[in-house]
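Before any comments, here is the structure.
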Amino acid sequence: EVQLVESGGGLVQAGGSLRLSCAASGDTFDSYTVGWFRQAPGKEREGVSCIRRKDGRTYYADSVEGRFTISRDNAKNTVYLQINSLKPEDTAVYYCAADLIQYGLNSRWRYPNSYTYWGQGTQVTVSS
């Protein structure tokens with residue numbers, strides 16, 4: 001079991017950058033696949049990126065490919081989401097999630113019900 005805490009959100013102008021952090025405590029974090037999701041008001045929670053346990057393979061939604069980069073620092077028990085070239089439509093609460101899932105991620109990584117553990121979220125607001 002892990003506990004997740006996101007940080008790094010804020011208010012930024014369009015074209016700016018942010019780095020979100022997902023810090024874990026509890027179990028050995030590198031044993032977990034970690035996903036980043038976002039949820040804008042009135043919309044469903046959307047998977048934006050994932051980093052697989054063990055081999056670190058990464059996955060991205062088409063809408064963020066080339067602008068978002070997921071990485072992990074196992075020594076710090078932290079997964080990061082670097083967000084560049086921010087757009088107003090990136091405005092949302094961003095959540096990280098973790099699970100022991102490893103296989104079938106091509107079709108599963110973007111779905112919230114693939115993950116067991118969730119953080120409380122961090123707000124990202126992009127002004128135009």
Side-chain angles (χ1 to χ4, degrees):
E1 182 173 340
V2 290
Q3 295 77 46
L4 306 175
V5 178
E6 302 95 334
S7 62
L11 173 63
V12 63
Q13 288 188 330
S17 298
L18 285 173
R19 188 177 77 160
L20 307 184
S21 299
C22 173
S25 60
D27 207 349
T28 306
F29 198 36
D30 60 1
S31 299
Y32 288 82
T33 288
V34 178
W36 280 98
F37 290 76
R38 65 185 180 186
Q39 190 165 19
K43 295 189 176 181
E44 292 188 354
R45 194 164 295 191
E46 172 193 22
V48 297
S49 187
C50 170
I51 186 163
R52 190 164 69 179
R53 60 184 290 211
K54 295 189 177 181
D55 64 4
R57 179 178 175 177
T58 58
Y59 304 81
Y60 296 96
D62 290 344
S63 59
V64 307
E65 182 84 51
R67 298 190 298 121
F68 288 23
T69 303
I70 191 170
S71 62
R72 71 192 306 161
D73 184 338
N74 291 327
K76 295 183 177 180
N77 274 1
T78 301
V79 169
Y80 302 100
L81 186 69
Q82 178 69 40
I83 308 176
N84 297 328
S85 303
L86 276 157
K87 305 175 181 180
E89 52 263 43
D90 294 320
T91 295
V93 178
Y94 283 70
Y95 300 90
C96 65
D99 198 90
L100 294 172
I101 183 175
Q102 183 175 354
Y103 301 107
L105 281 173
N106 281 343
S107 58
R108 297 173 64 184
W109 74 266
R110 66 184 73 240
Y111 297 106
N113 61 10
S114 295
Y115 300 83
T116 302
Y117 306 104
W118 290 83
Q120 83 291 345
T122 186
Q123 176 72 46
V124 172
T125 303
V126 184
S127 62
S128 57

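Computed from heavy atoms alone, side chains included, the values below leave out hydrogens, waters and symmetry copies. Only a predicted model underlies this, so the values are computations on that prediction, with no experimental measurement involved.
- Using a 4.5 Å cut-off on side-chain heavy atoms (C-beta onward), Leu81 and Ser49 make contact.
- Arg57 has its side chain out of reach of Leu105: every pair of non-hydrogen atoms, C-beta onward, lies at least 4.5 Å apart.
- Two residues are said to be in side-chain contact when any heavy atoms from C-beta on lie closer than 4.5 Å; Leu100 and Arg53 meet this criterion.
- Linking ILVMFWY side-chain heavy atoms closer than 4.5 Å, directly or via other members, places Leu4 and Leu18 in a single hydrophobic cluster.
- Enclosure of atom CD in Gln13 is not indicated, since only 12 or fewer non-hydrogen atoms of other residues, nucleotides or ligands lie within 6.0 angstrom.
- Listed here is the closest heavy atom pair of Ser128 and Pro88: CB-CG, 3.9 Å.
- Cluster membership for Ile70 and Ile83, using ILVMFWY side-chain heavy atoms within less than 4.5 angstrom, is shared.
- Under a hydrophobic-cluster definition in which Ile, Leu, Val, Met, Phe, Trp and Tyr are linked whenever side-chain heavy atoms come within less than 4.5 Å, directly or via other members, Leu20 and Val12 are assigned to the same cluster.
- Distance alone, capped at 3.5 Å, places no donor-acceptor pair between the Tyr111 side chain and the Gly47 backbone.
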Quiz item: Run the side-chain contact (heavy atoms from CB on, under 4.5 Å) check on Tyr60 and Trp109 step by step: do they pass?
Solution: CA-CA 9 Å; Tyr60 296 96; Trp109 74 266; 5.6 Å; no

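- Under the 3.5 Å distance criterion, the side-chain polar atoms of Arg52 are left unmatched by any main-chain donor or acceptor of Thr33.
- Taking 4.5 Å as the limit, some side-chain heavy atom of Val79 sits within range of a side-chain heavy atom of Trp36.
- Panel note: side chain Arg72, backbone Phe29; a donor-acceptor pair is recorded below 3.5 Å.
- Gln120 contributes a side-chain N or O that, together with a main-chain N or O of Glu6, makes up a donor-acceptor pair within less than 3.5 Å.
- Here the side chain of Gln39 pairs no donor or acceptor atom with the backbone of Ala92 at under 3.5 angstrom.
- Looking only at distances, no side-chain donor or acceptor of Thr125 sits under 3.5 Å from a matching main-chain atom of Thr91.
- Taking 4.5 Å as the limit, every side-chain heavy atom of Asn77 sits out of range of all side-chain heavy atoms of Val2.
- By the rule that hydrophobic residues join a cluster once side-chain heavy atoms approach within less than 4.5 Å of another member, Tyr59 and Tyr95 end up as members of one cluster.
- Val34 is connected to Val64 through a chain of hydrophobic side-chain contacts under 4.5 Å among Ile, Leu, Val, Met, Phe, Trp and Tyr, so both are in one cluster.
- Taking 4.5 Å as the limit, every side-chain heavy atom of Phe37 sits out of range of all side-chain heavy atoms of Val93.
- Two residues are said to be in side-chain contact when any heavy atoms from C-beta on lie closer than 4.5 Å; Ser7 and Thr122 fail this criterion.
- Between Ser21 and Thr78, the shortest heavy-atom contact is CB-CG2, 4.1 Å.
- Residues Tyr117 and Tyr32 have side chains in contact (heavy-atom distance under 4.5 Å, counting atoms from C-beta outward).
- Side-chain contact of Thr116 with Asp99: a donor-acceptor pair under 3.5 Å is present, judged by distance alone.
- A side-chain donor-acceptor contact under 3.5 Å links Arg38 and Tyr94.
- Within the model, atoms OH of Tyr115 and CZ of Arg45 stand 12.5 Å from one another, a figure rounded to the nearest 0.5 Å.
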Quiz item: Hey, mind stepping through Cys50 and Arg110 against side-chain contact (heavy atoms from CB on, under 4.5 Å) and telling me if it holds?
Solution: CA-CA 8 Å; Cys50 170; Arg110 66 184 73 240; over 6 Å; no

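- Arg19 places no side-chain N or O within donor-acceptor distance of the main-chain N or O of Gly8, the cut-off being under 3.5 Å.
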